[in-house]
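Have a look at the structure below, then the notes.
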Protein chains: 2
Amino acid sequence: MNIGEVAAETGITSKSIRYYESIGLIPEAHRTGGGYRQYSDKDVQILHFVRRARNLGFTVGEVEELLSLYRDRGRASADVREIAIKHITDLDKKVAELEGMRATLTHLVEKCHGDDRPDCPILDDLARADG
Amino acid sequence: MNIGEVAAETGITSKSIRYYESIGLIPEAHRTGGGYRQYSDKDVQILHFVRRARNLGFTVGEVEELLSLYRDRGRASADVREIAIKHITDLDKKVAELEGMRATLTHLVEKCHGDDRPDCPILDDLARADG
DNA sequence: CCTTGACCTTCCAGTAACTGGAACCTATGT
DNA sequence: ACATAGGTTCCAGTTACTGGAAGGTCAAGG
């Protein structure tokens, strides 16, 4: 398979695949005589792995870790579990942050009449003198 | 006030304040004879505005919009409200995304015994052949 | 055989919103 | 005079790509 087919199959763009190769996340692809990258089913599987992990919000660095644990047959599942759990707490932190923002903002929007009068509690609050 | 004091007061780092100036988000600061930036109370107020808006998750571009609406005395509050509401839906989208990830990952972690055995459902799922 | 068009190649630059660090200048206290 | 704590500019790096230019490859059609 060449890179475009792999892109269609995995949902990762060709650009990103080349990028992943360039940073060493995935090994260098084999090349045809003309210089085109060629991917085996196993290569494609690894890219699926990468996409799924990225879709779960793992950073590329974390994906690298997960891949190396995946390749290491003797690894302890506890290691993987630890990474995953840490990631869950990261996600929780982000969610809490966003929900805090949302609550404040919703509150402000409710106070704002939102017509053509210039008076706006949202701006007033952002510009308030304290803290 | 010089930049360090303003940083302490607003919670924005000196670096960021200079950065905001460099991109034109805030006007150029006045300078002392020695070239130090000097900030008036009004300058500080604007930086508070910026920090609060950033803390609410507005992008710098959005903060720019909000600032210009703030400066424009004749602006309609509906404009501000619209920006805020759009931002709330953005936040909701992000929260939903993160919670989806969290759910999947939590599910996987629960299936993973997490001891020193190499068998790990988390990796197995990431590496699964389908979709 | 030649062309056309789709696909591939590399490389450079840009994105968002800063952060780190080098090299140097200014202000203040002893 | 000097130490030290601030300030200054400027360049590079971060994350995870994306866009675009300039050019090479491949398969099909005339």
Side-chain angles (χ1 to χ4, degrees), chain A residues 1-26 28-40 43-44 46-47 49-67 87 90-91 93-94 97-98 101, chain B residues 1-26 28-40 43-44 46-47 49-67 87 90-91 93-94 97-98 101:
Chain A
M1 283 172 104
N2 61 21
I3 201 166
E5 294 169 292
V6 175
E9 155 90 26
T10 61
I12 307 179
T13 64
S14 308
K15 280 268 187 196
S16 294
I17 295 173
R18 290 192 202 99
Y19 169 73
Y20 289 152
E21 185 184 309
S22 80
I23 61 170
L25 178 65
I26 55 173
E28 290 192 17
H30 295 127
R31 302 293 184 118
T32 63
Y36 282 26
R37 287 177 179 79
Q38 280 299 307
Y39 297 89
S40 69
D43 295 332
V44 171
I46 285 178
L47 282 164
F49 185 111
V50 170
R51 183 187 53 73
R52 288 195 195 101
R54 294 283 300 124
N55 283 352
L56 286 172
F58 287 101
T59 64
V60 168
E62 288 167 331
V63 176
E64 211 166 339
E65 261 187 284
L66 290 171
L67 271 176
H87 188 54
D90 288 353
L91 290 173
K93 240 180 263 174
K94 275 187 202 155
E97 225 176 280
L98 293 176
M101 294 177 191
Chain B
M1 283 172 102
N2 61 23
I3 202 167
E5 295 171 292
V6 175
E9 155 91 28
T10 60
I12 308 179
T13 64
S14 308
K15 278 271 189 194
S16 295
I17 295 172
R18 290 192 202 98
Y19 169 72
Y20 289 151
E21 187 184 306
S22 81
I23 62 169
L25 178 65
I26 56 172
E28 292 193 15
H30 295 127
R31 302 294 183 115
T32 63
Y36 281 26
R37 286 176 180 80
Q38 280 299 307
Y39 297 89
S40 69
D43 295 332
V44 172
I46 286 179
L47 283 164
F49 185 111
V50 170
R51 182 187 53 75
R52 288 194 195 100
R54 293 285 297 125
N55 284 351
L56 286 172
F58 287 102
T59 65
V60 167
E62 288 167 330
V63 175
E64 212 165 338
E65 259 186 286
L66 290 171
L67 271 176
H87 188 54
D90 288 353
L91 290 174
K93 240 179 265 170
K94 276 188 202 155
E97 225 175 280
L98 293 177
M101 294 176 191

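Proteins get letters first, then strands, A, B, ... in listed order; numbering begins at 1 in each.
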*asked:* Can you tell me how far apart CD1 (B:Ile26) and OH (B:Tyr39) are? Round to the nearest 0.5 Å.
replied: 5.5 Å
*How many angstroms lie between atom OG1 of B:Thr59 and atom CG of B:Leu66, to the nearest 0.5 angstrom?*
9.0 Å
*First and last nucleotide of DNA chain D touching chain A, 5' to 3', heavy-atom cut-off 4.0 Å?*
D:dA16 to D:dC26
*How would you list, by chain and number, every residue that makes a salt bridge (charged side-chain N to carboxylate O under 4.0 Å, His left out) with A:Asp90, sequence neighbours excluded?*
A:Lys86
*Residues forming a salt bridge (charged side-chain N to carboxylate O under 4.0 Å, His left out) with B:Arg37, sequence neighbours excluded*: B:Glu21
*How does each nucleotide of nucleotides 14-19 of chain C score, in 5' to 3' order, for protein heavy atoms under 4.0 Å: base (B), sugar-phosphate only (S), or none (-)?*
---BBS
*For A:Phe58, check ring-ring contact (aromatic ring centres under 6.0 Å, His included) against everything at least two apart and list the hits.*
A:His87
*Excluding sequence neighbours, so at least two apart, what forms ring-ring contact (aromatic ring centres under 6.0 Å, His included) with B:Phe49?*
B:Tyr70
*List in chain and number order the residues that pass side-chain hydrogen bond (donor to acceptor under 3.5 Å, both in side chains) with A:Glu9, two or more places apart in sequence or in another chain; answer none if no residue qualifies.*
A:His48
_Test side-chain hydrogen bond (donor to acceptor under 3.5 Å, both in side chains) applied to A:Ser16 - qualifying residues, sequence neighbours left out_ = A:Thr13
Over all atoms of both residues, closest heavy-atom pair of [X] and [Y]:
| X | Y | answer |
| --- | --- | --- |
| B:Ile12 | B:Leu47 | CD1-O, 3.4 Å |
| B:Ala53 | B:Val63 | CB-CG2, 3.7 Å |
| B:Leu91 | B:Leu56 | CD1-O, 4.3 Å |
| A:Gly4 | A:Ser14 | CA-OG, 4.1 Å |

Could you pull out the protein-nucleic contacts involving nucleotides 24-29 of chain C (nitrogen or oxygen on both sides, under 3.5 Å)?
unit_1: C:dT26; atom_1: O2; unit_2: B:Tyr36; atom_2: OH; d: 3.1

*For A:Ile23, which contact category applies under a 4.0 Å heavy-atom criterion: base, sugar-phosphate, or nothing?*
nothing
*Determine to 10° how strongly the helix from C:dC1-D:dG30 to C:dT30-D:dA1 is bent, judged from the axes of its five-pair ends.*
30°
*Under 4.0 Å between a side-chain N or O of A:Arg37 and OP1 or OP2 of C:dC8?*
no
*Please identify each residue that fulfils side chain to side chain contact (heavy atoms under 4.5 Å, CB included) with A:Thr32, with sequence neighbours left out.*
A:Tyr36, A:Gln38
